[in-house]
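One structure is given here, and the rest of the page talks about it.
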Amino acid sequence: MTADRHAALNADGLVVPGVGAFAACMKGLKSVHGHRTVGTRLAGGRPVLGICVGMQILFERGIEHGEETEGCNEWPGTVERLEADVVPHMGWNTVRAPEGTTLFDGMDEDTRFYFVHSYGVRKWELESGGTIAAPLVTWANHGCDFVAAVENGALSATQFHPEKSGDAGAHLLKNWLKSL
Amino acid sequence: MAVAVRVIPCLDVDAGRVVKGVNFADLVDAGDPVELAAAYDAEGADELTFLDVTASSSDRETTFDVVRRTAEQVFIPLTVGGGVRTVDDIDRLLRAGADKVSINTAGILRPELLREASQRFGAQCVVLSVDARRTGDGFEVTTHGGKRGTGIDAIEWAARGQELGVGEILLNSMDADGTKAGFDIELIERVRAVVDIPLIASGGAGDVSHFAPAVRAGADAVLAASVFHFGQLRIGEVKDAMRAGGIEVR
């Protein structure tokens, strides 16, 4: 765990965890220039993994309690409140990973991961096409569909907590480490 | 597929040791919370709860150590409750590795604590623990393990907790607790009707058939202590029974 810019820039892989509110997390990240560190790493193809709110702040914006906050804008899209009977979405849920996934390689579709969040990205807005490979988007459902993970070159992210997801989470983190 | 109903064993921890007797699996040290936590993880527990019953403040340091060691070795969510009085207490427990902190008496004495905790750490890590006891045709909030009434309506208190920003309710029936006669279904239904945050049902589990009715009444998770510790029920068979009843489990 570090707030040191050089350590964060030079690590083989950088994990950006996040808990609490989007605005507070973004404010904390900016106070140590973390958003620039992420950008600099990605410009050099250096791996970054965002977890939970650490994934959410990679998007363009977050809306919590009617307040809009600018994110790191690595991907277009909005983090907004989930529409479900019970929120937060708390517990172990399945995901739908796409063909070619690295993070979920070797796992079956019944594998469950631990989620705890009230907000999510419900629309994937990046238009793909041309010569750049489209990001791999993994979905989950709790009342509504939302983005559970993104694999986009050096940048990966999960809405769930692999570090709290027992063997399944360890498997995913190993897959990420192997890709570094 | 939907989010799975969680099965949560609860350990009473006193000065760093598990109390209320444990007769479980082949543990080297049945009083070590870390070893027991790992055993429950291996059995398929979806979360763990530590209830700190340590009386003396000097011994409470051991709680942080237990939480730290557990979080280093067991990679499922951990909730810690008991004796949580201030935002600083919560901060220390979260830094030690707890994922959620449950608040009971301190929230009754000063409800703003719930709001402050939620705003600072996020709703997802603040659990309101409600010890409810039947009184007339309603339910009253109690403290001190059900021994002291507060005059507060338990259903209204749960709704107020949600308003104050807590992310989950741990609902303990003080009438059903220890009876092994099943959960208090009416209590679960009445709280479910007024909150839309996750609800953990606790108190009364004694048979694998008791869990599905609690879920149908509106529980998102079920918690039990002694029946698991004494090996009377195993996590796996509780899940099998729920699965047979059409309930999604991990």
Side-chain angles (χ1 to χ4, degrees), chain A residues 1 17-25 28 52-53 56 64-65 81-96 108-120 139-146 148 159-174, chain B residues 1-8 37-38 40-48 71-79 94-95 97-100 117-127 162 165-169 192-193 195-200 215 218-222 239 243 248-250:
Chain A
M1 189 86 95
V19 292
F22 187 105
C25 190
C52 197
V53 183
Q56 295 179 357
E64 293 191 357
H65 309 292
R81 193 162 171 88
L82 298 174
E83 266 180 48
D85 292 341
V86 174
V87 176
H89 172 220
M90 191 181 287
W92 300 75
N93 212 336
T94 54
V95 300
R96 307 191 303 275
D108 63 39
E109 61 182 17
D110 297 334
T111 306
R112 288 180 185 267
F113 298 91
Y114 190 80
F115 290 85
V116 49
H117 61 122
S118 301
Y119 299 82
W139 294 87
N141 184 279
H142 180 66
C144 53
D145 276 355
F146 63 88
Q159 175 63 70
F160 55 83
H161 287 270
E163 80 283 10
K164 290 291 163 186
S165 297
D167 293 342
H171 188 156
L172 181 137
L173 290 172
K174 272 184 202 153
Chain B
M1 298 273 242
V3 65
V5 169
R6 290 166 282 152
V7 178
I8 307 173
Y40 278 129
D41 175 21
E43 281 227 325
D46 297 306
E47 276 183 33
L48 295 166
E72 280 169 3
Q73 292 173 42
V74 182
F75 303 105
I76 58 175
L78 173 64
T79 302
L94 294 175
R95 284 179 191 280
D99 298 288
K100 300 187 259 185
S118 175
Q119 283 175 350
R120 175 144 164 207
F121 307 109
Q124 83 291 335
C125 65
V126 184
V127 182
Q162 173 168 321
V166 308
E168 189 170 41
I169 303 247
R192 175 79 287 165
V195 301
D196 53 17
I197 52 179
L199 180 59
I200 307 170
V215 174
D220 301 287
V222 286
K239 288 190 171 185
R243 196 180 282 116
E248 276 193 45
V249 290
R250 179 169 71 109

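Quick caveat, the model's predicted, so the values are computed rather than measured. Just so we're on the same page: letters track the sequence lines, and every chain starts at 1.
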Between A:M90 and B:D220, does a side-chain contact (heavy atoms from CB on, under 4.5 Å) hold up when you go through it step by step? CA-CA 9 Å; A:M90 191 181 287; B:D220 301 287; over 6 Å; no

Determine whether more than 12 heavy atoms belonging to other residues, nucleotides or ligands lie under 6.0 Å from atom CZ of B:R243. yes

What part of A:D167 is in contact with chain B, defined as an atom under 4.5 angstrom from a non-hydrogen atom: side chain, backbone, both or neither? neither

Which atom of B:G167 lies closest to which atom of A:P88, heavy atoms considered: O-CD, 3.4 Å

Distance-minimising heavy-atom pair for A:W92 and B:D46: NE1-O, 2.9 Å

Tell me which donor-acceptor pairs under 3.5 Å the side chains of residues 118-125 of chain B have, and how far apart each pair is, sequence neighbours excluded?
from   : atom 1 : to     : atom 2 : distance (Å)
B:S118 : OG     : B:G165 : O      : 2.7
B:Q124 : NE2    : B:F121 : O      : 3.0

Should we count CG of A:D110 as having more than 12 external heavy atoms under 6.0 Å? yes

Rounded distance [0.5 Å steps], CG in A:N93 versus CZ in B:R250: 12.0 Å

Which residues pass the side chain to side chain contact (heavy atoms under 4.5 Å, CB included) test with A:R81, not counting sequence neighbours? A:V87, A:S118, A:Y119

Audit row: A:V86, B:R192, side-chain contact (heavy atoms from CB on, under 4.5 Å) steps and yes/no: CA-CA 10 Å; A:V86 174; B:R192 175 79 287 165; 3.8 Å; yes

Between B:V195, B:V5, B:I197, the one whose heavy-atom pairs under 4.5 Å with chain A are most numerous: B:I197

Of the backbone (N, CA, C, O) and the side chain (C-beta and beyond), which part of A:H117 lies under 4.5 Å from a heavy atom of chain B, both, or neither? neither

